[in-house]
S.K.: 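Below is the structure I would like to discuss, written out as structure tokens.
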Amino acid sequence: MAATTRNPGKAYADFQEQDLIAPHSEKTVNKFDIYCPQENCRCKILLSSAATLVQREKSKLVLPKLPLTGATVSTIDDVSESEKKESAEATDSSNNTDKESKDNANEEELQSFWRITDMMAFENIGFSKKLPNGTQFLSCADCDTGPLGYHEPQATKEYLIALNRVRYHDRS
């Protein structure tokens, strides 16, 4: 009987964040190869030194709420115009409190990400369909685990992978 091959990486929780980064030129890069977070998936996502460490808003990786309550639609692309309008009205009424919240932003709202500027630098990565705002979630290309990160077309050539959503493996 063949043994199941396990992912060679270790979970993010097994490291201190500073152990995952290495100085390179004038930036900090990923010290280890990056793998899918699933132990039984051997998909390598990035090689070491392929990404730089950046801080971005934590809220970007929150899965969007699908407008499926009481509706017959099955995908986020099927949002009706009336639902979009209701959402916009709700956003307008909460803008005053949102503005105050953004003004009081603190470090707890930021998260560390690996930033990749060339899509071809990935060893393996999957992209979701575009959300209405254009954002695409990134997932494991082999087992579709995700979201591991995201890409916003407005931020051209910026693909972000959350440090805490992947596994790490030292090739040495």
Side-chain angles (χ1 to χ4, degrees), residues 1-66 68 74-79 105 107-172:
M1 173 172 20
T4 305
T5 314
R6 289 184 39 147
N7 180 322
K10 292 182 183 177
Y12 171 79
D14 295 342
F15 296 94
Q16 296 290 324
E17 188 169 308
Q18 64 267 20
D19 296 336
L20 299 173
I21 60 176
H24 187 268
S25 299
E26 295 179 12
K27 55 188 175 184
T28 51
V29 297
N30 58 311
K31 188 175 184 178
F32 305 117
D33 291 344
I34 296 175
Y35 281 81
C36 173
Q38 296 295 323
E39 284 187 29
N40 60 349
C41 179
R42 294 190 49 83
C43 184
K44 185 185 294 184
I45 295 171
L46 279 172
L47 294 175
S48 63
S49 301
T52 56
L53 183 68
V54 295
Q55 298 289 317
R56 294 292 188 269
E57 287 182 38
K58 182 187 283 190
S59 62
K60 294 287 186 179
L61 266 184
V62 175
L63 287 174
K65 293 182 181 178
L66 293 177
L68 297 178
S74 61
T75 68
I76 199 158
D77 292 334
D78 296 329
V79 178
E107 289 183 24
E108 293 174 356
E109 294 174 341
L110 296 178
Q111 179 176 343
S112 295
F113 288 91
W114 294 119
R115 179 179 182 255
I116 299 88
T117 56
D118 180 7
M119 183 170 73
M120 300 309 288
F122 286 106
E123 293 295 301
N124 289 296
I125 197 71
F127 286 83
S128 71
K129 290 174 68 177
K130 287 184 180 178
L131 300 176
N133 67 0
T135 300
Q136 289 181 288
F137 289 117
L138 306 179
S139 64
C140 172
D142 288 351
C143 70
D144 288 326
T145 296
L148 305 178
Y150 67 96
H151 167 64
E152 289 183 309
Q154 302 87 347
T156 56
K157 302 216 179 211
E158 181 174 80
Y159 305 88
L160 299 165
I161 300 286
L163 267 68
N164 63 343
R165 294 195 179 201
V166 291
R167 295 174 69 86
Y168 299 90
H169 177 63
D170 184 5
R171 287 186 277 163
S172 60

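Values below: all heavy atoms of this structure, side chains included; hydrogens, waters and symmetry mates excluded. Sequential numbering from 1 along the given sequence is applied to the chain's residues.
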S.K.: Looking only at heavy atoms, which two atoms of Gln38 and Cys143 are closest? And how far apart?
M.R.: CG-SG, 4.0 Å

S.K.: For this output row, return yes or no: ring centroids of Tyr159 and His151 closer than 6.0 angstrom.
M.R.: yes

S.K.: Taking all non-hydrogen atoms of both residues, which atom of His169 and which atom of Pro8 are closest, and how far apart?
M.R.: ND1-O, 3.2 Å

S.K.: Whether the Ser112 and Glu17 side chains hold a donor-acceptor pair (N or O, under 3.5 Å, no angle test) is what I'd like checked.
M.R.: yes

S.K.: Carefully, step by step, assess Arg115 and Glu158 under the rule side-chain contact (heavy atoms from CB on, under 4.5 Å).
M.R.: CA-CA 6 Å; Arg115 179 179 182 255; Glu158 181 174 80; 2.8 Å; yes

S.K.: Verify side-chain contact (heavy atoms from CB on, under 4.5 Å) between Leu20 and Tyr12, making sure each step is shown before the conclusion.
M.R.: CA-CA 9 Å; Leu20 299 173; Tyr12 171 79; 3.7 Å; yes

S.K.: Any donor-acceptor pair under 3.5 Å linking the side chain of Asn124 with the backbone of Ile45?
M.R.: no

S.K.: Can you tell me how far the SG atom of Cys36 sits from the NZ atom of Lys44, to the nearest 0.5 Å?
M.R.: 14.0 Å

S.K.: Looking at Leu148 and Thr145, what are the two nearest heavy atoms and their distance?
M.R.: CG-O, 3.7 Å

S.K.: Scan side-chain atoms only and decide if Gln154 and Asn133 contain a donor-acceptor pair under the 3.5 Å cut-off.
M.R.: no

S.K.: Answer whether the closest heavy-atom distance between the side chains of Cys140 and Cys41 falls below 4.5 Å.
M.R.: yes

S.K.: Would the Phe32 and Phe15 ring centres measure less than 6.0 Å apart?
M.R.: yes

S.K.: Just so I know, are the side chains of Thr52 and Thr28 near enough to count as touching, which here means a heavy-atom distance under 4.5 Å?
M.R.: no

S.K.: Could you measure the distance from the CG atom of Leu160 to the CD atom of Gln55? Nearest 0.5 Å is fine.
M.R.: 11.0 Å

S.K.: Determine whether a donor-acceptor pair (N or O, by modelled atom type, separation under 3.5 Å) exists between the side chain of Asn30 and the backbone of Ala51.
M.R.: yes

S.K.: For the atom pair OG (Ser49) and CG (Asp33), what is the distance rounded to the nearest 0.5 Å?
M.R.: 9.0 Å

S.K.: Determine the minimum heavy-atom distance between Tyr150 and Glu57, stating which atoms define it.
M.R.: OH-O, 4.5 Å

S.K.: Is it true that Arg56 and Glu152 have a side-chain N and a carboxylate O under 4.0 angstrom from each other?
M.R.: no

S.K.: Between Arg167 (side chain) and Gly9 (backbone), is there a donor-acceptor pair under 3.5 Å?
M.R.: yes

S.K.: Tell me whether the rings of Trp114 and Tyr168 are parallel (<30°), tilted (30 to 60°) or perpendicular (>60°).
M.R.: perpendicular

S.K.: Search all heavy atoms of Gly134 against all heavy atoms of Pro153 and return the closest pair with its distance.
M.R.: O-CD, 3.0 Å

S.K.: If you count heavy atoms of other groups shown closer than 6.0 angstrom to CD of Gln18, is the number above 12?
M.R.: yes

S.K.: Heavy atoms only: give me the nearest Leu46-Ala50 pair and the separation to one decimal.
M.R.: CD2-CB, 4.0 Å

S.K.: So, do Ile34 and Glu123 sit near enough that their side-chain heavy atoms are less than 4.5 Å apart?
M.R.: no

S.K.: Could you please spell out the steps behind the side-chain contact (heavy atoms from CB on, under 4.5 Å) verdict for Phe113 and Leu53?
M.R.: CA-CA 6 Å; Phe113 288 91; Leu53 183 68; over 6 Å; no

S.K.: CD of Gln16 to CD1 of Ile21: how many Å apart, nearest 0.5 Å?
M.R.: 11.5 Å

S.K.: Can you tell me if Ser128 uses its side chain to pair, donor with acceptor, with the backbone of Phe137 under 3.5 Å?
M.R.: yes

S.K.: If you apply the rule side-chain contact (heavy atoms from CB on, under 4.5 Å), what do you find for Ile161 with Val166, and how did you get there?
M.R.: CA-CA 8 Å; Ile161 300 286; Val166 291; 3.7 Å; yes

